[in-house]
Amino acid sequence: MRFEIVRLDDQNGNAVDSTVVDASAVSKIVQQAAALGQRIYIRPAE
């Protein structure tokens, strides 16, 4: 399964960039975002 990960602006919550990744990469990206204090939105990719 693939997921779209959207990075959100810290100030206003607007999308900054997005990427589509395999399920195996989601955990790593979530951990990186948490370590950096980034806001992300994850949804299934079509």
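Quick note: residue numbers are just sequence positions, from 1. Remember, it's a predicted structure, so these values are computed and weren't measured experimentally.
For the pair N12 (side chain) and N14 (backbone), a donor-acceptor distance under 3.5 Å is present.
Identified under the salt bridge (charged side-chain N to carboxylate O under 4.0 Å, His left out) test for residues 31-44, with sequence neighbours left out: E4-R43.
Nearest heavy atom pair, residue V6 against residue A15, reads CG1-CB, 3.5 Å. Scanning all heavy atoms of the two residues, the minimum distance from A23 to F3 falls at CB-CE1, 3.8 Å. The shortest heavy-atom contact between V16 and L8 is CG2-C, 3.9 Å.
Using a 4.5 Å heavy-atom threshold, the side chains of I29 and I42 count as separate. Side-chain atoms of I40 and Q32, non-hydrogen and from C-beta on, never get closer than 4.5 Å to each other.
The cluster map of Ile, Leu, Val, Met, Phe, Trp and Tyr, joined by side-chain heavy atoms under 4.5 Å apart, puts M1 and V20 in different clusters.
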